[in-house]
Structures are given as C-alpha cells and as structure tokens.
Amino acid sequence: MTNRKKAGAFVVIMLLFCTLLCGFTSGIIQQGVGAVADVVSSWTYYNDRANDNDVTSDDFNNDRHKGDDNTYHDGAQAVNDGKAGSVLEYNYVNNDGKLSGEYITRINPMTDEGANNLADPALLAQHCVHVEELTGKPILLDEQNEPVGSRADKAHLHFLEDRNYAVACYERLIDVYKHAKVYIVEVNDYTSAMYMWHNGLEGNKPAVIVKNTQNAGGHLLVFDLGDKGIKIRYRIECGYQPVDISYVPIPDTPPIPDNPEPTPPSPTPDPPRGSDPEPTPTPTLKPKDPNAGPQGRHPDNPDYGGGSNTNNDETVTDDPHPEQNSPDVYVAPDPPKPETPSGGGDSPTEKPDASSGTRSGSQTVDHDNGRQETYTDPGTGAQDTGTVQAGDGRDHGDFAQQVDDHPATVEHGADPAPTTDEPSPGNDECEAPE
C-alpha cells in the first residue's frame with residue numbers, strides 16, 4: 001500500500017513537472033516566433049513595391065508605386081495637399097542639424113510607424129557605399145575589406161543582425177549631408193546607376209547592383225559639397241537611386257531596363273536538342289609564295305634585283321693623304337688689287353673724266369667726227385652719204401639748268417571770287433590756259 005502511494009505521488013509530481021515544462025517551452029517558442037516576426041517586420045524593402053505593380057520595366061528600381069506613381073509625384077501631391085511647402089521639403093529637411101523628410105525616413109534605422117520600421121537596410125547600405133566612394137570617407141567600417149561590388153550586400157546583412165551598427169553607419173552618413181547644400185534639379189546627364197535586384201540576395205532580399213544606363217529623365221535630389229567639388233545625386237522617381245557610380249559595374253548581373261523600357265535584343269536560337277553546336281572555323285592565312293613576285297619570276301633580271309651580285313669592282317684606290325704634302329707654315333695668298341676705274345688714273349679713289357687725254361676733249365668727237373655715214377633725208381626720204389659732225393660747237397649745260405632757263409607754261413588754277421574791280425568770272429571755275 002505504501003509503495004502504491006509513493007508511486008502515485010511520483011506520477012503526480014512528474015505530471016506537474018511536464019505541465020510546467022510544456023508551458024515554459026511553449027512560452028519560449030512563442031517568444032521566439034515573435035522575435036523572428038519582430039526582426040522581419042522591423043525593416044521595409046521598397047523594392048518590393050516596385051515588383052508588386054503590373055509594370056515589369058521598373059522592377060529593378062529602388063521604389064515604384066502602381067502605374068505612373070513615384071516618389072517625386074508623392075512630393076508634388078503632398079505640396080498640393082498642404083502637407084509640405086515644397087517638393088524639396090517633402091524629401092529632405094535640415095532643421096539645425098536635425099534631419100527629416102521622406103528620404104531620411106527611408107534610411108534612418110530609428111524611424112518607426114507602429115510596429116514597423118520604415119527604414120530600408122538595402123537602401124541604407126547602398127547609399128553608404130556610394131558616399132564612401134565619392135568622398136573617400138569610411139562609413140561601413142566593418143566592411144572596408146570587402147570588394148566594393150559586394151560591400152553593400154554584406155552591410156545589408158550586417159544591419160539585419162545588429163541594428164546598433166546600422167545606426168552608427170547612418171550617423172556617419174548624415175554627417176556628410178549636414179555639411180552639404182541640398183536642392184532638386186531635373187535629370188540631364190548620367191551614365192550609370194545603382195539598382196535593386198529583387199530577391200537577388202539569399203533568395204528573399206533585394207541585392208544591390210550597378211549598371212551602365214541611359215538618362216531617362218526625372219529629378220535629382222542633390223547634396224552639393226561645394227568646395228570639395230563633389231555632388232551626391234539621387235534620382236527621386238526611382239526611390240533615391242544613386243547615379244554616376246564611380247566604380248566598375250559588377251559583371252554577370254541580369255539585364256536591367258530603365259524607364260522607359262528599352263527594346264530587348266533579338267535572342268540567338270538554341271541548337272536542336274541532342275546536336276552539338278557547330279564550332280566556329282578558325283581563319284587561316286595562305287602562306288606567302290616567295291616565287292610569286294616579279295623577283296621570283298625573273299631572278300636574273302637586274303631591274304628586279306634578282307640573282308647574285310656580279311662584276312664587282314674590286315680595284316683598290318690609293319689614299320692621296322693630302323695632309324702629308326701640306327706645307328709646315330701656312331702662307332696666305334696675296335689680296336686682290338683694287339680695281340682701276342675706266343678712263344685712267346693711278347689711284348683707285350680717283351675718278352678722272354672719261355674724256356681726259358683726248359685731242360678734242362671728247363672721246364665721241366675724236367671717234368666719230370669726220371666719219372662717212374649714210375643717212376636718209378627726213379623730208380624727201382632720199383638717202384645720201386655725208387660727213388659726221390660729232391660736235392655742234394655749243395656749250396651744253398646740265399638738264400636742270402635748261403629747265404630753269406626755259407620754264408614750262410603753267411595753267412591757271414580755279415578763279416576765286418573777285419577781290420578787285422577787275423572783271424573776273426568769280427565762280428571758282430578754271431580758265432583756259434594762255
């Protein structure tokens with residue numbers, strides 16, 4: 001009897017223990033499920049909204065609403081509804097170093113709405129990498145040794161595990177923004193951008209990728225660092241998509257359409273199943289034929305340079321060695337004598353008259369006077385022979401003296417108005433010469 005009582009008491013104790021154990025375990029399980037749910041619900045992936053609509057061309061954007069709605073339109077609507085003073089104010093506000101606005105809401109790990117946090121860990125990691133590359137300032141301290149192409153995804157996963165680390169990275173990021181001039185401009189130039197690859201990370205999270213792209217319009221939220229010459233630019237329509245990426249795009253990423261959707265290239269048809277694709281033939285060059293040219297066809301023709309050299313002149317010429325016959329002392333030749341002017345004179349500086357020493361005082365008279373020449377009478381045209389009289393017996397002065405002794409007739413100028421009682425046309429006209 002005693003043993004039965006002991007056994008019954010043991011069973012009761014065991015049942016109570018199991019009951020307590022199950023209840024405790026159930027609480028733990030429920031707490032664990034709740035903790036997991038809290039982790040999942042504490043972040044927001046805005047790329048999911050881009051994939052929830054019926055538009056496939058914007059699936060790689062950071063954010064997109066249904067149809068044509070986008071972040072910029074949200075700001076314009078907020079202005080129309082009186083909820084914001086401007087589109088810039090809707091997106092970003094710096095109130096004495098305290099930042100707010102839609103953009104800050106999406107990257108600040110401490111912003112909450114009910115049970116959900118509105119920050120996007122992929123977006124925060126994406127912008128941290130972008131600003132790091134532009135400014136050279138380390139922001140993701142624990143991921144500095146990661147390749148730049150995968151650094152954002154590594155930081156994204158780190159944020160999910162450690163919210164305090166995400167907050168610290170956010171604080172380093174906005175410290176850059178606080179010193180910038182912020183404004184909005186229309187898109188007019190960019191060549192590359194960061195995108196979100198839906199479920200590209202671990203199969204259920206967006207991955208950050210980069211792609212060369214073309215400007216498709218829109219508006220940019222610009223953080224201008226001024227004297228540093230750095231402008232951080234985010235495309236608002238696509239949920240603050242960074243543009244002008246400074247590092248090389250990651251290879252082997254999927255094709256990412258921009259908005260509007262580009263025309264895809266024509267696919268290459270696959271070969272039939274079970275057949276091997278034909279290998280691409282390797283082009284071969286025909287070997288050069290040494291006998292194909294004119295020299296090969298005519299080896300003995302000297303015009304083509306064929307054959308070996310023949311009839312070579314092997315005569316050895318004597319070296320004259322002129323330096324061996326040179327005098328020991330150089331003697332300069334005599335200088336040329338000064339030229340003597342024609343007409344005589346012993347000194348080269350003298351210039352005697354050309355007719356000096358002649359009988360008549362003129363070489364022309366001594367040479368031509370008394371010579372017989374045939375001439376033609378200018379009046380009758382008859383020819384006759386006569387004696388040349390070289391001198392006319394007169395003393396000819398120089399030409400200038402002749403002009404002075406016989407001045408030419410000068411015409412009168414314009415007749416001025418009359419100044420005397422003498423008759424005159426007085427009309428400033430020219431009179432006929434006398």
Side-chain angles (χ1 to χ4, degrees), residues 43-78 87 90-92 101-108 118-131 133 149 152-153 155-156 159 184-223 232-247 249-250 252-264:
W43 296 99
T44 299
Y45 289 122
Y46 291 90
N47 174 253
D48 290 346
R49 303 202 308 188
N51 287 266
D52 287 342
N53 60 17
D54 297 330
V55 182
T56 59
S57 63
D58 63 8
D59 288 350
F60 291 90
N61 292 346
N62 291 354
D63 172 41
R64 190 79 166 185
H65 299 258
K66 61 182 179 179
D68 293 334
D69 293 342
N70 56 56
T71 310
Y72 185 83
H73 289 169
D74 291 345
Q77 186 63 43
V87 178
Y90 170 83
N91 287 275
Y92 179 84
E102 180 67 16
Y103 170 61
I104 297 299
T105 298
R106 296 190 184 191
I107 63 171
N108 185 358
L118 299 180
D120 186 333
L123 183 68
L124 174 60
Q126 182 188 74
H127 288 201
C128 288
V129 172
H130 182 55
V131 174
E133 291 301 305
D153 289 342
H156 171 188
F159 293 162
I184 292 177
V185 297
E186 291 188 3
V187 177
N188 53 16
D189 59 337
Y190 69 87
T191 58
S192 57
M194 283 184 174
Y195 291 86
M196 296 282 186
W197 182 7
H198 186 61
N199 292 338
L201 180 62
E202 296 185 344
N204 61 351
K205 307 174 188 67
V208 175
I209 54 179
V210 179
K211 182 177 174 59
N212 289 327
T213 184
Q214 294 180 350
N215 179 2
H219 298 79
L220 295 175
L221 177 64
V222 182
F223 292 86
I232 305 167
R233 308 197 303 171
Y234 301 119
R235 190 176 174 198
I236 303 176
E237 275 81 357
C238 296
Y240 311 105
Q241 173 190 44
V243 299
D244 295 330
I245 310 307
S246 59
Y247 63 89
I250 306 171
D252 300 327
T253 55
I256 304 169
D258 207 340
N259 186 23
E261 184 177 4
T263 302

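In this structure, CZ on Phe60 lies 13.0 Å from SG on Cys238, to the nearest 0.5 angstrom. Interatomic distance, CZ of Arg235 versus OG1 of Thr71, reported as 11.0 Å (0.5 Å rounding). For the atom pair CG of Asn51 and CG of Asp58, the computed distance is 7.5 Å after rounding to the nearest 0.5 Å. Note that NE2 of His219 is 8.0 Å distant from NE2 of His73, once rounded to the nearest 0.5 Å. Taken from CG in Asp244 to CD in Glu133, the straight-line distance is 14.0 Å, to the nearest 0.5 Å. Between the CD atom of Gln126 and the CD atom of Gln241 there is a distance of 7.5 Å, given to the nearest 0.5 Å.
Nearest heavy-atom pair, Arg233 versus His130, reported as atom, atom and distance to 0.1 Å: O-NE2, 4.3 Å. Contact between Asn108 and Ala119 at its shortest, heavy atoms only, is O-CB, 3.1 Å. Smallest separation of non-hydrogen atoms from Pro206 and Met196: CB-SD, 4.1 Å. Scanning all heavy atoms of the two residues, the minimum distance from Pro121 to Phe159 falls at O-CD1, 3.7 Å.
Listed for the Asn47 side chain is a donor-acceptor partner under 3.5 Å among the backbone atoms of Asp59. For Asp153 (side chain) and Ala207 (main-chain N/O), no donor-acceptor pair under 3.5 Å exists by modelled atom type. Tyr45 contributes no side-chain N or O that, together with a main-chain N or O of His198, makes up a donor-acceptor pair within less than 3.5 Å. Put simply, the side chain of Ser192 gets close to the backbone of Ile245: a donor and an acceptor are under 3.5 Å apart.
Residue Glu202 places its CD atom among more than 12 non-hydrogen atoms of other residues, nucleotides or ligands, all under 6.0 Å distant.
Cation-pi geometry between Arg106 and Tyr240 is not satisfied (NZ or CZ under 6.0 Å from the ring centre, within 45° of the ring normal).
With a 4.5 Å cut-off on side-chain heavy atoms, Val243 and Leu220 count as touching. The shortest distance between side-chain heavy atoms of Leu201 and His156 falls below 4.5 Å.
When each of Tyr72, Tyr234, Tyr92, Tyr90 is tested with Tyr103 by the rule ring pair (Phe, Tyr, Trp, His ring centres under 6.0 Å), just one qualifies, namely Tyr234. A side-chain contact (heavy atoms from CB on, under 4.5 Å) with Leu221 is found for one member of Ile236, Ile232, Val87, Val185 and no other, namely Ile236.
Asn61 and Glu237 form no side-chain donor-acceptor contact under 3.5 Å, judged by distance and modelled atom types alone.
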Derivation of the side chain to side chain contact (heavy atoms under 4.5 Å, CB included) call for Asn62 and Leu123
CA-CA 7 Å; Asn62 291 354; Leu123 183 68; 3.5 Å; yes
